[in-house]
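To find a chain, count down the sequence lines: A is the first, B the second, and so on, and within it residues start at 1.
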Amino acid sequence: MPRTSRRATSAIAHPDLWLASLARYLRSWWYMVHLGAVAIVTAFSPSTWRRESFKATAFHIHTSTWQVLPWFALASSLVSLVIIRIVLVTAKSYGLSQFALEMVVRVLVLELIPLSAALFVALRAGMAFDASALGLARAGLNPVAASNEALRRLRRDLVPQLIANAIAVLSLAMVTSIVVLVLAYVNVYGLSIWGLPDYTRTVGRVFAPTVTAGFVIKTVLFGLAVALIPTAAILELQRYPRRMASTVQPGALRLLFVLIVIEAASLTLKYI
Amino acid sequence: MADNTHHSMTDPSPDPAADEPKHVEAKAAILLVLIGVLVCAFVLYVMYARGVFEPTQRLTLVADDSSGVIPGMDMTFAGFPIGRVAQVDLADDGKVNISVDVQSKDAKWLRTSSVFTLESSIVGETRLRAYTGVLTDAPLPPNSTRTVLRGDATAEIPRIVATARALLENLETMTASESDINASLANLSAVTGRMSGRYGVLGGALGGDAEAQKLMEALDRVNALLGKADQRVFGKAGVMDDTQAAIRQLDVVLKDASNTLKKVDAVLVEAQAVGANTREATEDLSALRGEVDASLRKVNRLVEEINRKWPFARTPQEIKLP
């Protein structure tokens, strides 16, 4: 930690190093994008899909989705229920209850749930991945050997991991969205089926083609970001073993930044 | 942790199945299928909600201003959504064409006489509504074009505020302490005060009880006068009785005159007969007789006329219309 901070201050203090640090910064981003491209290409090439890849993918899906889905759905349903109640009660007190349902669907289903699903998967799967890679890196091997071994393992695990994380984000977002849609219906109309046509029209109005496409693309991008950024950060760490002393999870800040950028871009495209 | 990784490093391709739970692949497959079904169901539901599967007919509404109209908004009839805005575009003539997809099952509510309005309220979205007064008119054919009436609550606000201000100023002028209305009300109050006095409305109209009293006295006197006049004219030995007696006497006099003249006539006939030979000598008598005859006829006519007149008529006179 002290070493990295000294390096950072020295880089800022010496203008002749600015260019070099900028280049390293850009190279780091490029590395991440390149790794993502390689992973996607590998995922779509038939030679990847051997028996053991299937098994590894299934294992990762089991870890990142199957184990957490019920608890995540339950927790986010509870939080959503609270938010739905708040929105409904507030809207009713202002006499705007006809807009409450639309607002609930827009805020919860389109924005909050995908974001929380992405953050949850990032915390859960990304950290698990980091732990194993960091353990590997700290195992006391010489840097070159550790790096080679890590790359080999990552190659074997990278694509299944990416797919599993992307699927995890999609699944959590999808299941919770549907649960929240049902909760919103029950909250607004009660347990009667006669609100269905009205509700269906509201949902249809919210999910315009562009909004739906934006929702799907955003969720997929969240999945990619969550799958890719921590992995790329770890792999890069193998190349710069001196940074390994840092206790900050590699890639966490960058992941947060990318998630916020994706969310902001989607909001901008939708409402501006 | 370090031991684990050590172990995995020594074995370049560790079997992930060693520490994995049972039926991992089956669970993953179930999950994938479930998610796939959910996604497909959701997409189908959204498509259904957006009316992709419903047969529709197109209706084009022409408006001056498209503000507030967005594709996807509903057109309602009696509060029920029956159509959806599909497209909003600017035509070559500068008008806004709003294309509405009306569900075929609800198209029966739209008739050739239907009216379409576009209302924007202060809070909330713009509303597109259809009104059908006569449901027995011919149905609206597909691909019709109709003009939409625009009612904009927010556009009315400045005008309403201006009118309200003028109204308030007028009201202020009217309610000021020296205003005409106040003066009128004060007068009214004085008048009604007088009206509630002894002589009521008379006092109010004449300006005081004293005046009203004078009027009452004058009226009393007129009443007394009328009573006396009645007695003098129509009472016993009144003017009318005298007049009737006089007229009766006149009748008698005239009858006597008539008889006298008849006698004169007879005398004259006698005289004529007596003096037949002396006709030449009495040439003047003939003329005299003609004159007497004429006088007699006049008197006769006069008598008849008087007889015909009330109160001497023997039979009730019929009223003859000219």
Problem - Contact listing (chain A partner; residues 77-89 of chain B; heavy atom under 4.5 Å) - result: B:Pro81, B:Gly83, B:Arg84
Exercise for the section: Quick one: which of A:Thr65, A:Thr57, A:Thr63 has the most heavy-atom pairs under 4.5 Å with chain B, could you say? Expected result: A:Thr65
Exercise for the section: Under 4.5 Å, heavy atom to heavy atom: which of residues 47-57 of chain B reach chain A? Give them by number, or say none. Expected result: B:Tyr48, B:Ala49, B:Arg50
Exercise for the section: Heavy-atom distances under 4.5 Å only: say whether A:Val175 touches chain B with side chain, backbone, both or neither. Expected result: both
Exercise for the section: Give me the contact list for residues 35-44 of chain B versus chain A, heavy atoms only, anything under 4.5 Å, ordered by residue number. Expected result: B:Ile35, B:Leu38, B:Val39, B:Phe42
Handout entry: Distance, nearest 0.5 Å, that separates CG of A:Leu170 from CG of B:Leu32
Key = 10.0 Å
Exercise for the section: Answer yes or no: are there more than 12 heavy-atom neighbours, outside B:Asp180 itself, under 6.0 Å from its atom CG? Expected result: no
Problem - Residue part contacting chain B, namely of A:Thr212, when any heavy atom lies under 4.5 Å - result: side chain
Problem - Interchain contact, A:Pro197 with chain B, by part (heavy-atom threshold 4.5 Å) - result: neither
Problem - Which portion of B:Leu34 sits near chain A, non-hydrogen atoms under 4.5 angstrom - result: neither
Exercise for the section: Taking all heavy atoms of A:Arg205 and all of B:Met73, pick out the closest pair and write down the distance. Expected result: CD-CA, 4.5 Å
Completion exercise
Rounded to the nearest 0.5 angstrom, the CG-CG distance for B:Leu31 and A:Leu69 is 6.5 Å
Exercise for the section: Would you please go through residues 177-185 of chain A and name the residues with a non-hydrogen atom below 4.5 Å from one of chain B, in numerical order? Expected result: A:Ile178, A:Leu181
